[in-house]
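Structure, as structure tokens:
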Number of protein chains: 2
Amino acid sequence: MEQRTYHQYCATARTLDVVGERWTLLLVRELLTGPKRFGDLQRNLRGLGTGLLAARLKHLEQQGIVRKTVLPPPARTAAYVLTAAGDELVPVVLSLAQWGMRWAMADPRDDETFEPGWAVLGLKARFDRGAATGIQAVCEFRIGDEVFHARIHDCTIETNYGPAQQPDFVLTTDYRTFRDIAASRTTLTQAVATQQAAIEGDGTLLRQLSSLFPPVEPQPRLPRLPR
Amino acid sequence: MEQRTYHQYCATARTLDVVGERWTLLLVRELLTGPKRFGDLQRNLRGLGTGLLAARLKHLEQQGIVRKTVLPPPARTAAYVLTAAGDELVPVVLSLAQWGMRWAMADPRDDETFEPGWAVLGLKARFDRGAATGIQAVCEFRIGDEVFHARIHDCTIETNYGPAQQPDFVLTTDYRTFRDIAASRTTLTQAVATQQAAIEGDGTLLRQLSSLFPPVEPQPRLPRLPR
DNA sequence: CGGCATCCATTTTGATACTG
DNA sequence: CAGTATCAAAATGGATGCCG
């Protein structure tokens with residue numbers, strides 16, 4: 001069962017040989033926010049069958065991008081984590097997200113699923129390093145029944161699943177509002193004004209956040225409709 | 001013929017819906033160095049048949065990423081170019097190349113093809129913005145019978161197919177040597193010393209170039225061989 | 001040559017049933 | 001819940017032929 005490759009001595013092609021197959025980069029995306037169990041992965045990836053998921057995980061393990069571990073107590077179940085090589089795929093996923101934010105996030109469709117973690121990644125893709133010099137903040141996002149946090153430290157941002165220890169800022173909102181904020185379909189300020197979102201903590205940070213995550217101007221990519 | 005999508009309202013997934021199919025990002029890679037004709041594309045993409053190539057090009061055209069044009073005289077033949085939306089895929093291709101440089105460029109295999117344009121892209125992926133502040137230079141690369149040039153302007157680099165107007169620096173070498181330089185398997189200095197490469201022009205630039213394109217330390221990704 | 005349709009063998013995938 | 005086994009549908013690759 002020879003694995004299919006492009007047979008090119010090219011860094012781009014070699015990378016695609018490893019992570020270019022269908023679902024693979026989305027699996028990496030899921031693992032960016034921390035360890036996940038088999039079932040968690042499948043739940044967030046509608047259409048990916050158990051067989052293919054198992055095959056992909058095995059492949060990523062063999063390729064040194066994912067490692068299978070046992071979650072710490074009290075969970076104690078098996079889970080998958082990114083290795084160092086996997087972590088370095090962050091720029092790949094973020095650059096895909098950046099392009100998508102600009103060119104492909106026209107209105108959500110009814111047949112599409114949505115997970116708040118994806119929107120957190122979207123925020124991360126919007127993060128403006130330049131505007132963040134000297135700023136230090138820990139934000140917690142409570143979205144429906146899911147919680148994420150972001151740690152802004154000088155010019156970097158780090159996002160993870162779960163609550164923060166000592167958040168400077170807490171945003172509480174619902175799936176739909178957070179989705180729209182992340183996609184620049186509305187602004188945080190606007191959502192707070194209309195009481196679709198609530199914030200606690202450092203009020204001055206609210207203004208700063210708008211500049212740290214500048215809204216993306218979506219561009220029309222298809223001048224004429226395909227007939 | 002329903003187009004297959006992930007059905008996720010996620011910037012990463014939406015982008016992969018557009019450019020995630022097999023061959024698609026490699027087609028974009030080919031077009032990054034300028035307009036290409038149907039045959040040129042196929043020549044550089046062994047294994048991609050004419051039918052699939054035509055289908056991919058049509059898809060990219062419909063998606064507003066590629067535009068079909070007529071080359072200026074004297075060529076006058078049809079060719080494909082990236083649109084603005086296509087140009088903005090540069091970070092995607094470069095991030096893939098960056099990861100590959102670090103984790104996947106172990107020695108070339110006999111069954112792999114190689115094109116100097118890919119190595120130029122590799123150099124671009126190695127380019128260190130930080131080290132380039134204030135530097136301005138035009139370099140021409142003559143690799144076998146192909147010519148490329150790079151325009152370094154403050155903190156940016158731009159690479160294109162074809163000769164430069166007034167190069168500050170010209171590197172002449174063969175496919176294999178250029179491949180090895182780009183992949184950090186040797187250095188430009190070393191190649192010049194052993195006469196595998198020749199340089200003309202500003203000699204001080206040679207030293208600077210080494211810092212503009214810091215060698216990538218390839219990391220072993222697979223601790224143990226798959227049994 | 002550029003571009004595309006057509007036929008066919010092989011892979012990949014999606015979806016579901018099934019097992020520990 | 002984690003994963004295997006199975007099978008039908010779709011995508012791919014390779015060859016060929018056609019037409020301007």
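Rounding to whole angstrom units, CZ of residue B:Arg37 and P of C:dC1 are separated by 10 Å. When the C1' atom of C:dC1 is taken as reference, atom CZ of B:Arg43 falls 10 Å away, rounded to whole Å. Residue A:Leu52 contributes atom CG, which lies 15 Å from atom P of D:dA11 at whole-angstrom precision. Atom CG in B:Leu53 sits about 15 Å away from atom P in C:dC1, given to the nearest Å. Spacing between atom CG of B:Leu16 and atom C1' of C:dT13 amounts to 16 Å, rounded to whole angstrom units. Rounded to whole angstrom, the span from the NE2 atom of A:His59 across to the C1' atom of C:dT13 amounts to 16 Å. Going from atom CD of A:Glu21 over to atom C1' of D:dA10 covers 16 Å, rounded to whole Å. Note: CG (B:Asp40) to C1' (C:dC1) measures 11 Å, nearest angstrom.
A donor-acceptor distance shorter than 3.5 angstrom exists from the side chain of A:Ser95 to the backbone of A:Pro91, with no hydrogens or angles considered. When atom types are taken as modelled, the side chain of A:Tyr9 and the backbone of B:Met105 share a donor-acceptor pair closer than 3.5 angstrom. Although no hydrogens or angles enter the test, the distance criterion places a donor-acceptor pair under 3.5 Å between the side chain of A:Gln98 and the main chain of A:Ala125. B:Arg221 places a side-chain N or O within donor-acceptor distance of the main-chain N or O of B:Trp103, the cut-off being under 3.5 Å.
OP1 and OP2 of C:dG14 both lie 4.0 Å or more from every side-chain N or O belonging to A:Arg46. Contact check, A:Lys58 against D:dT4: a side-chain N or O comes under 4.0 Å of OP1 or OP2. For C:dG14, the OP1/OP2 oxygens have a side-chain nitrogen or oxygen of A:Arg22 closer than 4.0 Å. The phosphate of D:dG3 (OP1 or OP2) has a side-chain N or O of A:Lys68 nearer than 4.0 angstrom. Contact annotation: A:Tyr80 side-chain N/O to D:dA2 OP1/OP2 distance is not under 4.0 Å.
Residue-level contact check: B:Ala55 touches neither bases nor backbone, having no heavy atom under 4.0 Å from any strand. Here B:Arg56 lies in heavy-atom contact (under 4.0 Å) with sugar-phosphate atoms only.
The salt bridge (Lys or Arg N to Asp or Glu O under 4.0 Å) check on B:Glu140 picks up B:Arg142, with sequence neighbours excluded. A search for side-chain hydrogen bond (donor to acceptor under 3.5 Å, both in side chains) contacts involving B:Thr15 returns nothing, not counting sequence neighbours.
Across C:dG14, C:dG2, D:dT4, the shortest atom-to-atom separation from the side chain of A:Trp23 is found for C:dG14. Comparing D:dA2, D:dG13, D:dT4 by their nearest atom to the side chain of A:Ala54 picks out D:dT4.
Counting all heavy atoms, side chain and backbone alike, B:Ala191 lies closest to B:Thr177 at CB-CG2, 3.8 Å.
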Pairwise N/O distances under 3.5 Å, protein to nucleotides 16-18 of chain C:
from: C:dT16; atom 1: O4; to: A:Thr50; atom 2: OG1; distance (Å): 3.4

